[in-house]
Every structure is written in C-alpha cells, then in structure tokens.
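Data block below; observations after.
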Amino acid sequence: MDEARLNDFMGKLVNDMGGAAMLANVIVGEELGLYRAMADSQPTTPEVLAEKTGCNPRLVREWLSAHAASGYMEHADGQFRLPEEQALALAIEDSPVYIAGGIGVVASFFHDKDKLVSAMRGNGALAWGDHHPCMFSGTERFFRPGYKAHLIAEWLPALDGVVAKLEAGAKVADIGCGHGASTVIMAQAFPDSRFVGFDYHAPSVTVATQRAEEGGVGNRARFFQGTAKSFPGDDYDLVCYFDCLHDMGDPVGAAKHAYESLKPDGTVLLVEPFANDSLDENINPVGRLFYAASTFICTPNSLSQEVGLGLGAQAGEARLRQVFTEAGFSSFRRATETPFNLILEARK
Ligand SMILES: C[S@@+](CC[C@H](N)C(=O)[O-])C[C@H]1O[C@@H](n2cnc3c(N)ncnc32)[C@H](O)[C@@H]1O
C-alpha cells in the first residue's frame with residue numbers, strides 16, 4: 001500500500017463528493033434566481049441577495065460560502081461576487097456555455113438509483129420514459145445552448161449542399177427529437193423549409209409542440225409520436241439524429257429506415273457525443289461525464305428496446321461508420337466537431 005497514492009485518491013474522492021454536493025446547490029441557486037440576481041458581477045452581501053430574491057439570509061450566506069469554497073465565486077470583506085465567466089455558465093441562460101439548466105440530468109441519476117440497481121441485477125433495461133422528469137427537461141437544457149451556438153452557424157454548413165436546400169425549401173425529419181430544441185432552432189432559421197420531429201416518448205412530443213408554438217414556428221415544425229424504425233415519409237432531404245442514435249436499441253435498423261426515407265440525394269446529419277474510438281482514448285473529463293451518463297441513461301435505454309445493441313454514448317466514429325455502412329450508406333464522414341459533439345454526415 002502506497003500511502004501517498006492513497007492520499008491522492010482520497011483527495012480526488014473528497015473533491016468529487018464536494019462537486020456532487022455543489023451540483024445540488026447549483027440546481028437550488030438556479031431555481032431561486034440567485035445566480036441571475038448576481039449576473040452583473042457586482043459584489044453583494046448575503047443580506048442584500050436574500051432581500052433581492054426573497055430568500056432566507058442565513059441560508060443564502062451558507063450557499064454563498066459553499067460557492068466561495070468551490071471557486072465558483074469570489075469573496076472579500078463579507079461580500080461575494082460572481083465573476084463574468086462564471087455568470088456565463090450559471091446566470092445567463094442565452095450564453096453558449098450555460099450549464100446550470102442541464103444539471104437536472106445528474107439529479108435524475110440519484111432519483112433513479114433504485115431503478116438502475118434493478119436493471120443491473122436484471123436484463124439491463126431502463127427505458128427513457130421511466131426516468132425522473134428532471135431528466136427530460138435537463139436533457140433539453142443541457143443540449144440547447146450547444147445547438148443554438150453551433151447548429152446553424154457551423155454544423156449545417158459543414159454538410160455538403162444542405163444549407164442551399166434548406167434555404168430553397170427542404171423537408172426535414174428530426175428523429176428522437178425529445179423536446180424539439182434542434183427542430184425549433186432549424187425551423188426558425190429556415191422559414192421556407194418544413195420540419196417534422198418524431199420521438200417514441202409521448203410526453204416529450206407534447207412539450208416539443210409547445211416549444212414550437214412558443215418559438216413562433218408551430219406551423220412549420222410539427223411533432224408526432226413515432227419510432228426511429230417506423231416514422232412515415234420517403235422524400236426527406238435531411239434526416240437528423242441529435243444525441244439519440246446511440247440510445248436506440250437498433251441503430252442499424254434505424255439507419256436503414258432513414259435510408260428508405262431519404263430522397264436519392266438526401267443527407268443524414270448524425271450528431272453524437274464526442275468520443276474517440278477506444279476507452280483508452282476516452283479517459284478524459286468529457287469521456288468521464290458521458291460514460292457515467294451512459295450507464296444511467298443511454299445504454300439501459302438501448303437494452304430496453306428490440307435488438308438492444310447497447311452502443312453507449314462513447315461509441316466513436318469508427319463504430320458509428322459500421323452502423324451506417326451496414327445500413328447501406330455508401331458515404332460517411334466527420335463533417336466537424338466540438339469538444340462535446342461529433343457531427344457526422346451519411347449519404348446514400
Ligand atoms: C438524449 S435524448 C435527445 C433528445 C433530443 N434529440 C435532444 O437533443 O435534446 C434521446 C431521445 O431519443 C428518444 N428515443 C430513444 N429511442 C428511440 C426510438 N427507438 N425511436 C424514437 N425515439 C427514440 C428518447 O425518447 C429521447 O427523447
């Protein structure tokens with residue numbers, strides 16, 4: 001036993017426990033508007049912040065102290081300040097790095113712990129719809145900032161000829177659309193195109209329809225309950241999967257159905273969590289987050305469906321290429337990437 005290594009590991013675990021405890025504090029701060037009240041990055045006292053937000057001053061002091069101890073806030077002379085960089089992540093919902101809203105996904109792991117224990121002892125299945133509701137809104141809020149920042153500006157332009165078609169008026173299917181964040185963003189950007197979102201989870205379809213109305217595109221972005229292997233239509237210019245193909249039981253069957261649904265010159269846009277091709281290459285903070293989430297969400301969801309391939313959230317480009325080659329596509333390439341996403345293009 002090497003005592004120094006033990007101490008290092010204990011230090012890492014204490015740090016991780018503090019991180020997990022802080023995420024619960026972040027969820028509370030977001031819900032109560034505490035970060036939004038500090039978004040101007042001006043120093044404030046617990047009493048002033050409590051008054052502004054209608055919260056208990058003693059608890060606000062403790063919450064602020066936890067943030068100072070975590071390096072999330074600065075502290076001097078009894079005053080606390082949320083620096084501009086932290087405000088972008090925690091206070092400003094429109095920012096491309098706003099992460100506070102997505103932490104509901106991590107909260108769901110704790111709510112759903114008993115269900116995962118049963119799945120682990122059984123056939124491995126835990127379906128999307130059986131998670132705590134904070135997972136559905138957390139997923140929407142985790143992904144939306146990235147889609148807003150990159151989808152129109154970078155991802156669609158990285159596909160061969162797709163933007164020109166969308167500008168002229170194209171027909172697009174967004175499969176596994178969840179709450180429709182990607183569908184609504186595309187519909188807002190391309191008023192001459194028509195968008196249809198499909199998801200097998202009925203409550204998500206209801207929320208997506210509401211989001212399209214709120215976003216002013218209810219007439220051009222429609223949502224229906226449907227599976228990736230059965231959605232209707234055979235004349236799509238673009239079929240999209242945003243962070244969902246690996247969640248499916250039969251990704252090859254889904255890709256084959258996309259092949260049948262596309263026009264001859266159509267395109268598949270496959271957005272997947274960023275991953276390299278092997279575990280050894282995914283030993284990094286992004287791989288850690290996605291493997292941990294995949295244990296609770298993506299892999300057991302896949303095992304709950306027919307075939308149950310269980311690709312996992314860290315499948316990587318080479319494995320995903322196999323899926324599309326097996327489905328009959330002749331071309332598959334990485335169009336672009338971000339630290340969190342692989343953006344892949346498949347053509348017939
Ligand atoms: C991680 S979420 C992504 C949701 C959305 N695309 C987004 O980016 O916010 C995965 C979605 O895939 C859906 N899904 C999983 N398996 C499916 C299947 N076989 N057919 C259709 N939808 C499916 C789930 O219901 C869920 O909404």
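Remember, it's 1-based here, ligands and their atoms both numbered in the order they're listed.
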Examine Lys263 relative to Tyr236 and say whether NZ or CZ is less than 6.0 Å from the centre of the six-membered ring and inside a 45° cone about the ring axis. no
Gln305 contact mode with ligand 1 (heavy-atom cut-off under 4.0 Å): side chain
Under 4.0 Å, heavy atoms only, figure out whether ligand 1 is touched by the backbone of Asn301, its side chain, both or neither. side chain
Could you tell me whether Arg194 atom CZ has more than 12 heavy atoms of other residues or ligands within 6.0 Å of it? no
Counting distance only, does the side-chain N/O of Ser108 pair as donor-acceptor with the main-chain N or O of Val105 below 3.5 Å? yes
Between Tyr98 and Glu30, does a side-chain hydrogen bond (donor to acceptor under 3.5 Å, both in side chains) hold up when you go through it step by step? CA-CA 11 Å; Tyr98 186 75; Glu30 212 231 358; 2.5 Å; yes
Tell me the nearest of Phe242, Tyr200, Phe231 to atom 22 (N) of ligand 1, using heavy-atom distances. Tyr200
Quick check on contacts: which atoms of ligand 1 are under 4.0 angstrom from a heavy atom of Asp243? 1 (C), 2 (S), 3 (C), 10 (C)
With a 4.0 Å cut-off on heavy atoms, is Tyr147 touching ligand 1? yes
If only atom types and distance count, is the side chain of Asn341 paired as donor or acceptor with the main-chain N or O of Ile343 below 3.5 Å? no
Quick note on ligand 1: atoms under 4.0 Å from a heavy atom of Asp247 include exactly 1 (C), 10 (C)
So, are Asp265 and Lys165 salt-bridged, with charged N and O less than 4.0 Å apart? yes
Atom 2 (S) of ligand 1 has as its nearest protein heavy atom Trp128 CH2, 3.3 Å
Using a 4.0 Å cutoff against the non-hydrogen atoms of Phe143, which atoms of ligand 1 qualify? 8 (O), 9 (O)
Could you establish whether Gly226 and ligand 1 come within less than 4.0 Å of each other, counting only heavy atoms on the residue side? yes
Please state which option from Cys244, Gly146, Gly129, Gly176 has its nearest heavy atom closest to atom 6 (N) of ligand 1. Gly176
Side chain to side chain contact (heavy atoms under 4.5 Å, CB included) partners for Gln188, two or more places apart: Val184, Val217
Between Ser65 and Glu62, is there a side-chain donor-acceptor contact under 3.5 Å, judged purely by atom types and distance? no
Between ligand 1 and Asp199, is the shortest N or O to N or O distance under 3.5 Å? yes
Does ligand 1 have any atom that is closer than 4.0 Å to a heavy atom of Cys177? yes
For Gly178, take its heavy atoms, then give the atoms of ligand 1 lying under 4.0 Å from any of them. 4 (C), 5 (C), 27 (O)
Do we see a donor-acceptor contact under 3.5 Å between the side chains of Asp112 and His132? no
Short list, please: which atoms of ligand 1 are under 4.0 Å from a heavy atom of His201? 25 (O)
Under the side-chain hydrogen bond (donor to acceptor under 3.5 Å, both in side chains) rule, what do Thr209 and Thr206 come out as? Steps first, then yes or no, please. CA-CA 5 Å; Thr209 303; Thr206 304; over 6 Å; no
Looking at atom 20 (N) of ligand 1, what's its closest protein heavy atom, distance included? Ala228 N, 3.0 Å
